[in-house]
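Structure first, then comments.
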Number of protein chains: 2
Amino acid sequence: MSNSSSTADDILVCARALITAGGYNGFSYADIAEVVGIRKASIHHHFPSKVDLVRTLVLRYREDAKAGFAALERTASDPRDQLANYVSYWEKCITDASDPFCLCALLASELPALPPAVAVEVRLHFETLSAWLTSAFERGAALGIFRLSTAPRAEAESFMATVHGGMLSARAHGDPKLFGIITTALLNRLSN
Amino acid sequence: MSNSSSTADDILVCARALITAGGYNGFSYADIAEVVGIRKASIHHHFPSKVDLVRTLVLRYREDAKAGFAALERTASDPRDQLANYVSYWEKCITDASDPFCLCALLASELPALPPAVAVEVRLHFETLSAWLTSAFERGAALGIFRLSTAPRAEAESFMATVHGGMLSARAHGDPKLFGIITTALLNRLSN
DNA sequence: GACTCTCTACCTATCAATAGGTAGATGAAC
DNA sequence: GTTCATCTACCTATTGATAGGTAGAGAGTC
């Protein structure tokens with residue numbers, strides 16, 4: 001019943017959860033094999049090396065993120081709503097534990113030790129996210145919706161830092177609701 | 001020339017840098033052996049298992065953090081200055097690469113996969129940090145120095161999230177100065 | 001329809017390297 | 001002699017990976 005795209009996808013889904021829980025070195029092909037129900041050697045058929053696997057995963061993640069940003073811009077025209085919806089997306093993921101931590105944020109924490117081919121993709125994700133957030137702040141300022149106390153890029157980086165830090169704190173305290181508490185304050189500041 | 005406290009300390013110092021770079025599973029006794037200049041087996045004399053090693057490291061880190069909070073309270077009476085000095089401490093560490101990421105924050109990111117004996121200590125560190133920051137916000141509010149838009153605990157958690165997120169962003173972008181940019185905005189908000 | 005070839009997706013068996021770890025020996029210091 | 005801190009030699013388990021293989025599906029040819 002498994003077809004090719006399904007097995008490779010299963011592998012990627014599994015790898016994502018394992019990385020999000022324990023980092024690049026915290027999982028092995030054997031772990032995936034157990035979850036997906038195939039042998040370790042078969043994973044090599046789809047992903048010849050661990051680097052290939054994780055790099056593919058990050059590339060997919062980046063594509064999905066770009067699609068997500070585009071969707072945010074279609075579903076709300078007000079940049080404040082776009083940012084709020086971005087945060088709501090993560091709050092839902094964290095609260096229902098479907099995706100409790102940004103893959104690239106997790107990998108970024110161990111960036112010095114990542115294989116270069118993976119590291120470069122993780123950096124690119126941060127650049128994309130930063131650029132999108134910056135553009136949201138720029139648009140909001142141009143429309144008079146936001147009054148920025150610093151440059152749009154700095155606002156964007158602060159916003160991003162708070163979101164990622166909120167994920168970390170929710171995890172550290174074992175309290176998913178904490179992400180919402182932290183980001184509510186963040187979003188409230190956008191309304192002042 | 002090596003004495004017992006020096007070798008064990010060397011091991012801990014080395015382990016800290018390795019964990020901070022690549023997480024709990026990103027280093028091995030062999031890595032430490034190479035840096036410290038002893039055999040892998042000798043490390044077991046000082047730390048019988050990897051869990052013992054990392055747990056000892058986190059305990060030490062927590063002691064140092066408590067001492068640091070006490071020092072911050074001695075060297076400045078104004079809670080705003082205490083928070084600013086806390087941030088300055090990290091900015092210096094990140095900028096001169098002496099300690100570019102909070103050990104417990106790094107370990108917190110992979111908390112689900114940590115050995116329980118280590119995980120509990122990491123959580124305790126977050127509780128201690130959160131309590132100290134909360135007390136700073138409470139004192140600042142009581143003295144009329146801060147006007148809080150949310151409860152002191154929420155302010156503290158937001159502050160912490162931004163600091164940790166700033167570390168992450170600096171690392172992800174490969175730009176240590178970014179931590180300062182993010183935290184300057186954070187501290188400026190304390191002055192309003 | 002039967003046969004052949006190619007492809008896909010899986011497998012077993014195996015490997016080298018590495019991981020955390022153990023036990024006993026050795027030498028230095030007291 | 002005892003203690004401490006190191007070592008060698010070795011262990012089991014696990015890791016990412018390789019080589020060779022099987023089985024079934026699909027397409028093309030007769």
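In what follows, every chain begins at residue 1, and chains take the letters A, B, ... in the order their sequences are listed.
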Quiz item: Does B/His46 put a side-chain nitrogen or oxygen below 4.0 Å from OP1 or OP2 of D/dC4?
Solution: no

Please tabulate, one pair per line, all N/O donor-acceptor pairs under 3.5 Å involving side-chain atoms of residues 11-24 of chain B, not counting sequence neighbours.
from, atom 1, to, atom 2, distance (Å)
B/Arg16, NH2, B/Asp99, OD2, 2.6
B/Thr20, OG1, B/Arg16, O, 2.8

Just distance, no hydrogens or angles: give the donor-acceptor pairs under 3.5 Å from side chains in residues 111-119 of chain A, sequence neighbours left out.
none

Quiz item: Does any N or O in the side chain of B/Glu155 come within less than 3.5 Å of the main-chain N or O of B/Thr150, such that one atom is a donor and the other an acceptor?
Solution: yes

Exercise. Please determine if a side-chain N or O atom of A/Ser28 lies less than 4.0 Å away from the OP1 or OP2 oxygen of D/dT14.
Key: no

Quiz item: Please give, in whole Å, the distance from D/dG16 P to A/Tyr24 OH?
Solution: 9 Å

Quiz prompt | Close approaches to DNA chain C from residues 108-121 of chain B, in residue order (heavy atom, under 4.0 Å) | solution = none

Quiz item: Where the side chain of A/Ser49 is defined as all heavy atoms beyond and including C-beta, which of D/dA17, C/dG21, D/dG16 is the nearest nucleotide?
Solution: D/dA17

All N/O donor-acceptor pairs, side-chain side in residues 127-134 of chain B, below 3.5 Å, sequence neighbours left out:
from, atom 1, to, atom 2, distance (Å)
B/Thr128, OG1, B/Leu124, O, 3.0
B/Ser130, OG, B/Arg153, NE, 3.2
B/Ser130, OG, B/Glu157, OE2, 2.6
B/Trp132, NE1, B/Glu73, OE2, 2.7
B/Thr134, OG1, B/Ser130, O, 2.7

Quiz item: Taking NZ from B/Lys50 and P from C/dG21, how many angstroms apart are they, rounded to a whole number?
Solution: 9 Å

Self-check item: Contact residues, residues 11-19 of chain B to DNA chain D [heavy atom, < 4.0 Å]
Solution: none

Tell me which donor-acceptor pairs under 3.5 Å the side chains of residues 100-107 of chain A have, and how far apart each pair is, sequence neighbours excluded?
none

Self-check item: Within residues 33-60 of chain A or reaching into it, pairs that qualify as salt bridge (charged side-chain N to carboxylate O under 4.0 Å, His left out) - sequence neighbours excluded
Solution: A/Asp9-A/Arg60, A/Arg55-A/Glu121

Quiz item: Rounding to a whole Å, what distance do you find between B/Asn25:CG and D/dG16:P?
Solution: 11 Å

Quiz item: Which nucleotide in the list C/dG21, D/dG16, D/dT6 gets nearest to the side chain of B/His45?
Solution: D/dT6

Quiz item: Which pairs with one or both residues in residues 173-182 of chain A pass salt bridge (charged side-chain N to carboxylate O under 4.0 Å, His left out), sequence neighbours excluded?
Solution: A/Asp175-A/Lys177

Practice problem: Take atom CZ of B/Phe27 and atom P of C/dG20, then tell me their distance rounded to the nearest Å. | Solution: 7 Å

Practice problem: Test side-chain hydrogen bond (donor to acceptor under 3.5 Å, both in side chains) on A/Ser88 and A/Asn85 and set out the steps. | Solution: CA-CA 5 Å; A/Ser88 294; A/Asn85 292 343; 4.8 Å; no

Quiz item: Looking at residues 29-43 of chain A, who's got a heavy atom less than 4.0 Å off DNA chain C?
Solution: A/Ile38, A/Arg39, A/Ala41, A/Ser42

Return a table of donor-acceptor pairs under 3.5 angstrom between the side chains of residues 160-169 of chain A and protein atoms on other chains or two or more places apart.
from, atom 1, to, atom 2, distance (Å)
A/Thr162, OG1, A/Ser158, O, 2.8
A/Thr162, OG1, B/Thr162, OG1, 3.1
A/Ser169, OG, A/Gly165, O, 3.3

Exercise. Name all residues meeting the side chain to side chain donor-acceptor pair (under 3.5 Å) criterion together with A/Lys66; count only those two or more places apart in sequence or in a different chain, and write none if there are none.
Key: none

Quiz item: To which residues is B/Ile182 joined in a hydrophobic cluster, defined by side-chain heavy-atom contacts under 4.5 Å among Ile, Leu, Val, Met, Phe, Trp and Tyr, whether direct or through other members?
Solution: B/Leu178, B/Ile181

